[in-house]
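Only heavy atoms go into these numbers, but all of them, side chains included; no hydrogens, no water, no symmetry mates. Sequence positions, counted from 1, serve as the residue numbers for this chain.
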Amino acid sequence: MRKSGVLCACLAVVFSANAWATSAPAPSFVGIWYGKGEPDDPDVFYIDAYRADGTFNSEYRKCVKGKLAYSQTQSGRWTVANGVLEMHSNIINGKPDRYDHFYKIESLDQSEFRVRFDKPDFLFVEKRIPVFEFPPCYVGS
């Protein structure tokens, strides 16, 4: 009887320790991300905000000599399935329009993701940021 009591006590300690062990949350696209570079222009920078409800907002900018030279906004719906991030824009620059984006996910963690656009072949690298806010054009241009 005593051996089984010790065994039960040991098992209780093991199960209790496992209950206290915490694992990091699974990486998710949900959040705000900053990236730089497009297939046709390495100087375009952008912010993507992915929401848990499957909607997104994106803003793209380019600065030349400290001044805003290009700006575009997109919003729509996003999904992830079978290793592919899909973004379906239905509002571009505030007007109804359609653009579908498909990216093969190469990596995703809590601070960075890498997705590959197929044609032309281009690797997008985005870093998680705390707020949807661009620096002024004079910073870094």
Side-chain angles (χ1 to χ4, degrees), residues 2-141:
R2 184 175 166 118
K3 286 184 181 180
S4 65
V6 171
L7 178 60
C8 288
C10 289
L11 288 174
V13 169
V14 168
F15 287 120
S16 176
N18 284 339
W20 284 102
T22 59
S23 60
S28 169
F29 282 95
V30 173
I32 304 168
W33 302 85
Y34 174 84
K36 184 173 182 193
E38 292 279 330
D40 58 347
D41 193 337
D43 296 324
V44 170
F45 50 103
Y46 42 89
I47 295 177
D48 294 319
Y50 299 98
R51 288 182 209 72
D53 69 358
T55 61
F56 77 89
N57 286 70
S58 296
E59 189 168 339
Y60 309 87
R61 290 187 180 178
K62 180 177 179 175
C63 297
V64 176
K65 297 182 181 178
K67 302 215 184 275
L68 184 63
Y70 170 79
S71 178
Q72 182 185 71
T73 60
Q74 292 186 25
S75 61
R77 303 213 42 89
W78 70 279
T79 60
V80 171
N82 301 317
V84 175
L85 168 64
E86 293 186 24
M87 298 171 67
H88 302 283
S89 300
N90 54 26
I91 302 289
I92 300 174
N93 290 332
K95 297 178 183 171
D97 204 343
R98 184 78 183 180
Y99 186 77
D100 297 317
H101 320 243
F102 300 90
Y103 306 95
K104 182 178 181 242
I105 301 167
E106 292 196 356
S107 66
L108 167 65
D109 63 33
Q110 298 296 9
S111 61
E112 177 184 279
F113 74 78
R114 294 170 179 258
V115 294
R116 186 164 300 277
F117 191 66
D118 194 21
K119 292 181 177 138
D121 183 43
F122 189 83
L123 181 65
F124 287 90
V125 178
E126 297 191 33
K127 306 275 187 190
R128 190 178 297 274
I129 59 175
V131 294
F132 194 105
E133 183 176 273
F134 281 108
C137 274
Y138 61 81
V139 175
S141 65

S.K.: Parallel, tilted or perpendicular for Tyr103 and Phe117, by the 30°/60° rule?
M.R.: tilted

S.K.: Between Ser28 and Trp33, which heavy-atom pair has the shortest distance, and what is it?
M.R.: O-CZ2, 3.6 Å

S.K.: Show the nearest heavy-atom pair for residues Phe45 and Cys63, with the distance to one decimal.
M.R.: CZ-SG, 3.6 Å

S.K.: Looking at Ser89 and His101, what are the two nearest heavy atoms and their distance?
M.R.: OG-NE2, 3.2 Å

S.K.: As a quick check of understanding, evaluate side-chain contact (heavy atoms from CB on, under 4.5 Å) for Asp118 and Lys104, giving each step before the final call.
M.R.: CA-CA 8 Å; Asp118 194 21; Lys104 182 178 181 242; over 6 Å; no

S.K.: I need the Ile47 CD1 to Thr73 OG1 distance, nearest 0.5 Å.
M.R.: 12.5 Å

S.K.: Quick one: closest heavy-atom pair of Val131 and Ile129, and the distance?
M.R.: O-CD1, 3.2 Å

S.K.: For Ser71 versus Glu59, what's the shortest heavy-atom pair and its separation?
M.R.: OG-OE2, 4.3 Å

S.K.: Can you confirm whether Asn93 is buried at CG, in the sense that more than 12 heavy atoms of other residues, nucleotides or ligands lie under 6.0 Å from that atom?
M.R.: yes

S.K.: Can you tell me if Trp78 uses its side chain to pair, donor with acceptor, with the backbone of Thr55 under 3.5 Å?
M.R.: yes

S.K.: Using a 4.5 Å cut-off on heavy atoms from C-beta on, say whether the side chain of Tyr70 contacts that of Asp41.
M.R.: no

S.K.: Rounded to the nearest 0.5 Å, how far does CD1 of Ile91 lie from OG of Ser58?
M.R.: 13.0 Å

S.K.: Could you please spell out the steps behind the side-chain contact (heavy atoms from CB on, under 4.5 Å) verdict for Ile92 and Gln72?
M.R.: CA-CA 7 Å; Ile92 300 174; Gln72 182 185 71; 3.7 Å; yes

S.K.: Below 4.0 angstrom, N of the basic side chain to O of the carboxylate: do Arg116 and Asp121 qualify?
M.R.: yes

S.K.: Roughly how far, to the nearest 0.5 Å, is CZ of Phe132 from CG of Asn57?
M.R.: 6.0 Å

S.K.: Between atom CZ of Phe113 and atom CD of Glu126, what is the distance when rounded to the nearest 0.5 Å?
M.R.: 3.5 Å

S.K.: To the nearest 0.5 Å, what is the distance between CZ (Arg51) and CZ (Phe56)?
M.R.: 9.5 Å

S.K.: Provide the closest heavy-atom pair for Phe102 versus His88 in the form atom of the first, atom of the second, distance.
M.R.: CZ-CE1, 3.8 Å

S.K.: Hey, could you give me the OH/CZ distance between Tyr50 and Arg77, rounded to the nearest 0.5 Å?
M.R.: 14.0 Å

